[in-house]
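Below you'll find the structure, written out as structure tokens, and then a few comments.
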Amino acid sequence: MTRTENPLRRGLADDRTIDPCAVVIFGASGDLTKRKLMPGLYNLAVSGSLSGGVAVVGVARREKSTEDFRNEMRGAISKFSRRQPIDEAVWSDFARRVSYVSGTFEDTTTYERLAQHLEELDKERGTAGSRLFYLAVPSAEFGTIAGMLREAKLVRPPVRSGGGPWTRMVIEKPFGHDLVSARALNDTIASVFDESQVFRIDHYLGKETVQNLLVFRFANSLFEPLWNREHVDHVQISVAEDIGVEGRGKFYEATGVARDIVENHLMQLLCLTAMEPPISLSADSVRDEKVKVLRSLRPMAPTQVPDNVIRGQYARGFVRGDEVPGYRGEPDVAPTSRVETYLAMRVFVDNWRWGGVPFYVRAGKRLARRVTEIAVTFKKVPHGLFRAPDGGITPNVLAMRIQPDEGIALRFISKEPGQQTILRGVAMDFRYGAVFGSNTPEAYERLLLDAMRGEATLFTRRDEVEEQWAYMDHVFAAWAREGNTPPPLYAAGSWGPEPADDLLARDGRRWRRP
Amino acid sequence: MSSRDGVPLLTIPPGPPTSAILARLEREVRELWVGLPGELPKSRVCMMNLVVAVTSRAIADRYTTVVDEVTATLPSCAIIVALESAAPTRPLDGSATAVCTPGSARAVCSERIRLDASGSVCARVASAVEALIAPEVPTTLVWLGPVHADDEVFTSMAGSAQRVILDSEYTSAASLLELARWSSEEEGRPAFADMAWTRIAPWQDLCARFFDDPRTEHAGAITRVTIHQASEAGAPLGSEGALLLGWLANRLGWRPERTGGALRVRRADGQDVQLQVGAVPRPEGVAPMALASLRVESSTGGVALMGTIDRELASGAEMSGKTPDADVLTWRLDVSGQAVIEQRVRLQANKGARVLERTLHRPMFDATLVGAVQFAEHFFEDGGVVR
């Protein structure tokens with residue numbers, strides 16, 4: 001999209017324009033709207049990032065007035081916004097821009113009323129005909145809503161050059177439950193929206209520390225020369241949660257950790273770790289490189305899956321000192337459920353840079369700690385020059401902590417002061433919170449802003465999603481062949497099932513205890 | 001603050017040699033990081049050296065709170081220097097303190113060093129600071145006194161910094177111009193920054209919004225700019241107003257002209273731009289000559305645009321447990337034939353610590369500020385234009 005450049009924007013801290021637009025949230029009564037979207041939009045208003053011509057329209061089934069909706073949203077913002085207390089001056093201005101349209105998503109009159117309301121907003125609030133449709137609804141409803149929007153003539157073709165009103169759609173995972181369903185969903189969306197208009201949210205990509213992965217790798221000359229098979233022994237990526245399914249038993253029974261975390265968040269972290277430098281930071285340049293990683297993943301034949309993929313399901317145990325039930329004891333979970341709440345995999349990226357380097361990835365619920373990290377373990381020194389009575393020289397490890405206590409730690413070997421040469425592993429530890437303070441924007445703030453600006457770098461593209469599913473489908477196919485084999489149990493509060501430890505032990509390695 | 005008053009630089013101060021005092025300070029700094037039994041472990045974090053030079057011990061005492069607030073979010077090696085060059089010479093005095101923010105497992109700590117110098121000892125302070133700063137991290141000098149480019153204390157302290165920050169609203173526009181000239185005279189000199197420039201950043205962003213696509217052409221067709229500042233009528237144009245006008249002029253390619261001594265401003269296409277500056281009453285607690293309003297008028301292709309930013313002037317203090325009482329700006333865009341768009345935006349808190357923190361977060365070299373200062377000089381030269 002080419003535009004006339006505003007000369008006053010050059011040199012400003014924020015030199016990107018936020019177009020006036022109407023943000024239309026389908027599923028406005030839902031949890032995501034209350035916990036993330038509205039607090040995110042309000043926070044953007046507080047920071048002055050929203051332009052004057054931005055309006056927010058909630059659409060949901062429940063009958064309620066705009067006034068009731070505003071009150072409800074104020075309550076949600078009071079509870080979930082990182083900025084407390086509510087700034088009355090900003091809220092009163094923001095609230096004037098919030099409105100509500102009730103109706104079912106299958107009813108044409110809902111969209112007729114919405115269209116009329118949006119036209120009024122164009123006139124009264126200067127939203128300039130641009131629409132950001134945010135589908136905070138189950139993916140089963142994406143097709144219905146997209147089709148109805150088209151029927152109501154609410155979808156403009158993509159803007160190819162120059163400015164002008166635009167239409168974009170933001171959707172939330174899950175984008176299908178396997179490759180076939182993901183393709184079908186993408187096809188449905190593609191029948192209404194051009195791919196350039198579709199913004200698929202993986203909120204992990206909005207996290208500051210995930211964005212910093214690219215900065216860390218490509219703005220520092222120190223590490224990139226070491227970032228390959230010559231120097232890296234293996235990589236571990238962990239997405240560990242200490243919570244259980246938290247009342248989402250029904251959802252989890254249909255997904256499991258493979259579909260909830262591994263197929264999307266964990267794969268994205270793997271891509272950002274393994275990708276080649278993009279030619280620019282444009283959306284397609286970055287996403288092209290991520291897709292190359294996904295296409296380089298060594299496919300697993302069904303017979304190889306048991307040796308490379310370990311499932312688990314949490315049993316009763318203790319987390320942070322509290323006794324917690326097993327997965328099968330959670331509400332809405334079948335007492336004989338075989339759904340996995342833990343997954344560990346050994347993955348190979350078959351390309352020039354990473355040939356032969358194992359990537360061990362794991363994700364699980366009810367593990368000992370909540371931690372997400374990427375740890376790169378470098379190869380040992382080729383010759384043991386020092387006599388090391390305490391067990392030899394441990395390899396250097398670079399650990400990038402995504403959450404909590406975001407930061408980067410580098411472990412290296414040092415001599416203990418004294419007459420003898422005693423070697424000790426020490427760490428250089430950089431903590432984001434300590435250096436930059438803890439009041440960083442939430443992932444949804446960045447992603448909402450980017451969607452309004454039309455910047456798609458932090459959103460997943462259709463081919464990325466499909467490649468992720470294509471890889472995981474090998475695993476699902478093998479599990480289907482296994483039939484009724486229940487996943488091994490692990491005690492809540494542990495680091496997962498024993499076979500997961502064996503997965504690394506076979507290679508002479510072990511999981512980190514992050 | 002300077003040695004310009006003829007104080008000989010080689011006067012030997014009474015008392016122990018400065019190097020001995022520094023050795024004591026270095027020992028104190030080392031001891032800060034030795035954990036004591038039962039004490040929360042401390043992590044020494046240092047993103048930069050923050051050297052703050054003020055003109056008296058009393059100001060140094062007051063500014064210590066500001067520095068502590070800043071280092072709580074930007075952990076630094078902070079060195080606060082009181083330079084009383086007109087006072088009788090006394091030995092250099094100093095102390096070192098760890099300023100910690102409790103964390104879950106470890107306290108995150110900055111070190112704060114205080115140096116008091118008077119008389120001829122002021123000339124030795126730069127070398128003392130040089131010995132105390134942390135290596136491998138950038139050094140910023142916050143100079144809160146008037147800037148004189150021939151002041152050896154200033155030049156020697158600034159010479160070891162990568163950036164010098166001042167606050168022209170509280171010192172003088174002349175200091176800003178002097179610093180800008182000195183900074184650009186020779187390659188390798190530190191970049192400069194102005195806290196007044198930081199304070200007008202939200203105004204710049206909101207002003208730019210008037211001309212975002214599809215109204216960009218209006219930026220080249222501005223006919224009149226009116227600003228008001230919080231001051232008495234007849235007061236000189238303040239830094240914030242002059243820098244805002246300088247920024248607009250620089251960005252839009254306006255040219256200053258003097259006709260019979262009076263300043264005229266012409267657009268790139270040769271047309272006149274009317275500049276008007278007025279005064280509004282200054283409420284208690286509001287900085288003198290703070291920006292109060294901006295109105296920009298433009299007309300092109302038969303479409304008139306008027307953008308206004310009005311500030312509800314407040315003290316900027318944060319009320320405990322309540323919404324911060326920082327100022328609110330009302331942004332309003334009126335384009336003929338279109339709906340009027342209005343928006344209220346909260347200015348970030350105007351407290352000294354927050355403004356300094358935001359200034360420190362800005363890029364080290366700011367070409368836009370350099371350009372704005374060059375143009376603002378014409379407004380400063382024009383003298384008391386406030387009516």
Side-chain angles (χ1 to χ4, degrees), chain A residues 1-20 45-55 83-94 96-97 120-128 162-165 404-405 429-431 433-439, chain B residues 43 45 47 72-75 101 103-106 108 201-202 204-217 219-220 247-248 250-253 312 321-324 326 328-333 335 338-348 357 361-363 366-369 371:
Chain A
M1 192 186 298
T2 57
R3 286 162 172 265
T4 316
E5 195 187 356
N6 177 352
L8 294 179
R9 284 258 166 234
R10 258 179 289 141
L12 292 187
D14 201 344
D15 58 1
R16 293 176 298 178
T17 304
I18 304 141
D19 293 335
V46 173
S47 63
S49 303
L50 286 187
S51 88
V54 172
R83 295 181 183 269
Q84 298 295 345
I86 281 193
D87 184 324
E88 293 300 338
V90 175
W91 165 254
S92 65
D93 183 66
F94 179 72
R96 285 191 297 125
R97 311 192 211 180
E120 286 164 12
L121 287 177
D122 286 343
K123 288 181 196 144
E124 291 166 12
R125 300 223 49 91
T127 43
D405 295 333
D429 200 353
F430 156 73
R431 301 285 175 102
V435 174
F436 297 118
S438 55
N439 198 20
Chain B
S43 282
V45 185
M47 279 185 74
T73 54
L74 274 171
T101 309
S104 52
R106 303 181 73 85
V108 175
Q204 292 169 320
D205 178 60
L206 290 172
C207 182
R209 285 184 195 181
F210 294 139
F211 305 104
D212 276 340
D213 192 66
R215 302 175 299 274
T216 305
E217 281 189 6
W247 167 72
L248 269 173
N250 178 261
R251 287 283 104 203
L252 298 175
E312 292 168 25
K322 292 184 182 168
T323 297
V328 173
L329 299 180
T330 301
W331 179 92
R332 189 180 157 92
L333 176 65
V335 179
Q338 295 180 22
V340 174
I341 305 174
E342 195 175 290
Q343 182 183 10
R344 302 187 85 207
V345 177
R346 171 79 66 189
L347 273 180
Q348 289 169 299
E357 186 187 317
H361 275 297
R362 295 178 75 104
D366 189 343
T368 315
L369 170 60

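What you see is a predicted model, and the numbers here were worked out from it, not measured in a lab. Within every chain, numbering begins at 1; the chains are lettered A, B, ... in the order of the sequence lines, protein sequences first and strands thereafter.
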(message) At a 4.5 Å cut-off on heavy atoms, which part of A:Thr127 comes close to chain B: side chain, backbone, both, or neither?
(response) neither

(message) If you count heavy-atom pairs within less than 4.5 Å of chain A, which of B:Asp366, B:Val345, B:Leu252 leads?
(response) B:Leu252

(message) Can you tell me which portion of B:Gln338 sits under 4.5 Å from chain A's heavy atoms? Options are side chain, backbone, both or neither.
(response) neither

(message) Restricting to non-hydrogen atoms, name the atom on A:Ala89 and the atom on B:Val328 that form the minimum distance, rounded to 0.1 Å.
(response) CB-CG2, 3.7 Å

(request) Provide the closest heavy-atom pair for B:Ile341 versus A:Gly126 in the form atom of the first, atom of the second, distance. (result) CD1-CA, 3.9 Å

(message) Side chains of B:Trp331 and A:Asp93, heavy atoms from C-beta outward: is any pair under 4.5 Å?
(response) no

(message) If you count heavy atoms of other groups shown closer than 6.0 angstrom to CZ of B:Arg362, is the number above 12?
(response) yes

(request) Can you tell which part of B:Ala219 gets under 4.5 Å to a heavy atom of chain A, answering side chain, backbone, both or neither? (result) side chain

(request) Identify the two heavy atoms, one from B:Thr368 and one from A:Arg10, that lie closest to each other, and give their separation to 0.1 Å. (result) OG1-O, 4.4 Å

(request) Kindly compute the distance separating CG (A:Asp19) from CG (B:Asp213), expressed to the nearest 0.5 Å. (result) 7.0 Å

(message) Would you compute the distance between atom CZ of A:Arg96 and atom CZ of B:Arg344 and round it to the nearest 0.5 angstrom?
(response) 8.5 Å

(message) Tell me if a side-chain donor or acceptor on B:Gln343 pairs with a main-chain N or O of A:Leu50 at a distance below 3.5 Å.
(response) yes

(message) Counting only non-hydrogen atoms closer than 4.5 Å, does B:Val335 touch chain A with its backbone (N, CA, C, O), its side chain (CB onward), both, or neither?
(response) neither

(message) So which residue, A:Gly53, A:Ala45, A:Pro7, ends up with the most heavy-atom pairs under 4.5 Å with chain B?
(response) A:Pro7

(request) Ignoring hydrogens and angles, tell me if any N or O in the side chain of A:Asn6 forms a donor-acceptor pair with the backbone of B:Ala208 under 3.5 Å. (result) yes

(message) Quick check for you: to the nearest 0.5 Å, what is the distance between B:Met47 atom CE and A:Phe430 atom CZ?
(response) 7.5 Å

(message) What part of A:Ser92 gets within 4.5 angstrom of chain B, counting heavy atoms only: side chain, backbone, both, or neither?
(response) side chain

(request) Please tell me if the side chains of B:Arg209 and A:Arg9 come closer than 4.5 Å, counting only heavy atoms from C-beta onward. (result) yes

(message) As an exercise, state the distance from CG of A:Leu8 to CG of B:Leu206, rounded to the nearest 0.5 Å.
(response) 12.0 Å

